[in-house]
2 protein chains.
Amino acid sequence: MNAPALTKNQALVFEVLEKADGPLSAYTILDKLRDHGFRAPLQVYRALEKLLEYGVVHRLESINAFVACAHPDQNCHSHGIVAFAICESCGHVMEFHDHEVDHRLMNWTRGKKFKAEKTTIEIRGLCETCAA
Amino acid sequence: MNAPALTKNQALVFEVLEKADGPLSAYTILDKLRDHGFRAPLQVYRALEKLLEYGVVHRLESINAFVACAHPDQNCHSHGIVAFAICESCGHVMEFHDHEVDHRLMNWTRGKKFKAEKTTIEIRGLCETCAA
DNA sequence: ATCGCACACGTTATAGCATAACGCAATTGA
DNA sequence: TCAATTGCGTTATGCTATAACGTGTGCGAT
């Protein structure tokens with residue numbers, strides 16, 4: 001899924017996520033965009049839906065928040081499964097990929113004849129700075 | 001974390017989850033326990049909090065639901081990271097463990113000096129039956 | 001050209017998930 | 001006996017997400 005030109009709302013939401021130094025909830029995004037005419041959650045959710053589809057934004061299931069993809073340039077969907085390390089203290093998120101993990105999980109699902117559509121890997125804990 | 005004797009509410013919630021053939025939301029559990037005197041969400045959430053702590057129940061972050069641990073006998077916390085395959089059609093959940101995956105993820109976090117506290121792995125898709 | 005369709009958008013309302021804050025009762029151990 | 005802890009019940013509230021409706025715009029097919 002490659003990203004076509006973003007619409008106005010999509011661009012606004014994406015910009016907010018890019019500028020943030022951590023994940024944001026949909027309602028936080030909404031608040032940051034009130035000055036730009038946003039009034040309702042759906043405006044945010046609809047934009048997010050597309051941005052997720054284009055692979056330029058990720059959803060963090062374990063904290064109900066959204067974050068801009070760490071690879072602005074490339075298509076994130078081509079990296080296989082994306083894993084996240086989320087600091088519970090400062091909120092900072094690190095994104096990474098591990099093909100061996102992908103492989104092991106795929107192996108397991110294949111053995112069970114389970115058709116995987118979307119895989120979530122999220123590690124919550126403390127980043128180096130906050131753990132010190 | 002070993003499980004002490006469950007309190008009345010904890011036992012009721014656990015029983016509901018055990019009998020269910022799939023994950024349940026907190027509010028679904030509440031509805032199933034109204035006949036037993038449950039009236040408020042907190043009664044469910046407080047019981048779930050303990051059951052999660054004891055390791056006899058898991059929370060599925062990606063669908064905001066709870067499921068009884070697949071290993072009634074043993075302490076689930078001793079298995080390392082728990083992974084789930086969740087069928088989006090029938091709702092059935094398979095639970096599994098893969099030490100190699102654990103190892104890869106731990107390797108990565110150690111490299112980043114990230115102190116992992118809780119890791120979520122959830123694969124959503126279609127089970128063998130539903131994919132056919 | 002104009003009709004039909006797809007899509008983005010705006011608005012209101014509502015559904016679904018989770019916790020704050022208060023108070024009471026029972027248990028336990030110093 | 002007193003203080004601390006834990007479980008429980010209730011009310012209220014906050015946060016997350018979507019349903020359902022209508023509008024406007026662009027664009028290809030007839």
Side-chain angles (χ1 to χ4, degrees), chain A residues 1-17 20 22-54 56-67 86 88 91 118 120 122 124, chain B residues 1-17 20 22-54 56-67 86 88 91 118 120 122 124:
Chain A
M1 177 69 59
N2 232 337
L6 300 183
T7 67
K8 183 155 172 289
N9 284 3
Q10 288 160 19
L12 285 168
V13 169
F14 184 56
E15 199 182 324
V16 166
L17 283 175
L24 300 178
S25 79
Y27 280 74
T28 301
I29 296 171
L30 173 58
D31 286 339
K32 286 180 184 292
L33 288 175
R34 290 206 188 272
D35 293 344
H36 291 77
F38 275 50
R39 327 238 73 215
L42 258 191
Q43 295 175 275
V44 176
Y45 281 110
R46 287 205 274 232
L48 285 172
E49 187 179 11
K50 288 300 182 184
L51 295 170
L52 290 168
E53 188 181 319
Y54 302 154
V56 298
V57 161
H58 300 292
R59 177 195 186 101
L60 301 177
E61 311 272 7
S62 65
I63 58 173
N64 295 316
F66 303 86
V67 70
I86 307 166
E88 312 215 84
K118 172 115 179 25
T120 297
E122 296 177 16
R124 291 188 299 302
Chain B
M1 178 68 59
N2 230 338
L6 300 182
T7 67
K8 184 155 172 288
N9 284 3
Q10 289 161 17
L12 285 168
V13 168
F14 184 57
E15 199 182 324
V16 165
L17 281 174
L24 301 177
S25 79
Y27 278 72
T28 302
I29 295 170
L30 173 58
D31 286 339
K32 287 181 183 293
L33 288 175
R34 290 207 187 272
D35 293 346
H36 291 76
F38 275 50
R39 330 235 75 218
L42 259 192
Q43 295 174 277
V44 177
Y45 282 109
R46 288 205 272 231
L48 285 172
E49 187 179 11
K50 288 299 182 184
L51 294 171
L52 290 168
E53 187 181 320
Y54 302 155
V56 298
V57 160
H58 300 293
R59 177 194 185 100
L60 302 177
E61 311 272 8
S62 65
I63 58 173
N64 296 315
F66 303 85
V67 69
I86 307 167
E88 312 216 81
K118 171 113 176 32
T120 298
E122 296 178 16
R124 291 186 302 299

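Proteins come first, then strands; the chains are lettered A, B, ... in the order of their sequence lines, and each starts at number 1.
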inquiry  = For chain A and DNA chain D, what are the first and last nucleotides along the strand, 5' to 3', with at least one atom under 4.0 angstrom from a heavy atom of the protein chain?
reply    = dT16(D) to dA20(D)

ask   = Can you name the nearest heavy-atom pair linking Arg39(B) to Gln43(B), along with the distance?
value = N-OE1, 2.7 Å

query = In degrees rounded to 10°, what angle is found between the helical axes fit to the five outermost pairs at each end of the helix from dA1(C)-dT30(D) to dA30(C)-dT1(D)?
reply = 20°

remark   = Here the gap from Leu33(A) atom CG to Asn9(A) atom CG, rounded to the nearest 0.5 Å, amounts to 8.5 Å

Point-to-point distance, once rounded to the nearest 0.5 Å, from OG1 of Thr7(A) to CG of Leu51(A) = 8.0 Å

note = Whether each nucleotide of nucleotides 8-20 of chain C has a protein heavy atom under 4.0 Å at its base (B), only at its sugar-phosphate (S) or at neither (-) is summarised, 5' to 3', as SBBBB----BBBB

Note, Phe38(B) side chain near Val13(B) side chain (heavy atom, < 4.5 Å) = yes

inquiry  = I'd like to know if Glu53(A) pairs up with Lys50(A) as an ion pair, taking the criterion as any Lys NZ or Arg NE/NH1/NH2 lying under 4.0 Å from an Asp or Glu carboxylate oxygen.
reply    = yes

key: Residue pair Ile63(A) / Pro23(A): nearest heavy atoms and the distance that separates them   = CD1-CG, 3.8 Å

query = How long is the span from the CD atom in Glu122(B) to the OG atom in Ser62(A), to the nearest 0.5 Å?
reply = 9.0 Å

query = Considering only heavy atoms from C-beta outward, does the side chain of Val67(B) approach that of Arg59(B) to under 4.5 Å?
reply = no

message = Are there over 12 heavy-atom neighbours, none belonging to Glu49(B), within less than 6.0 Å of that residue's CD?
response = no

query = Do other residues, nucleotides or ligands put more than 12 heavy atoms under 6.0 Å from Lys118(B) NZ?
reply = yes

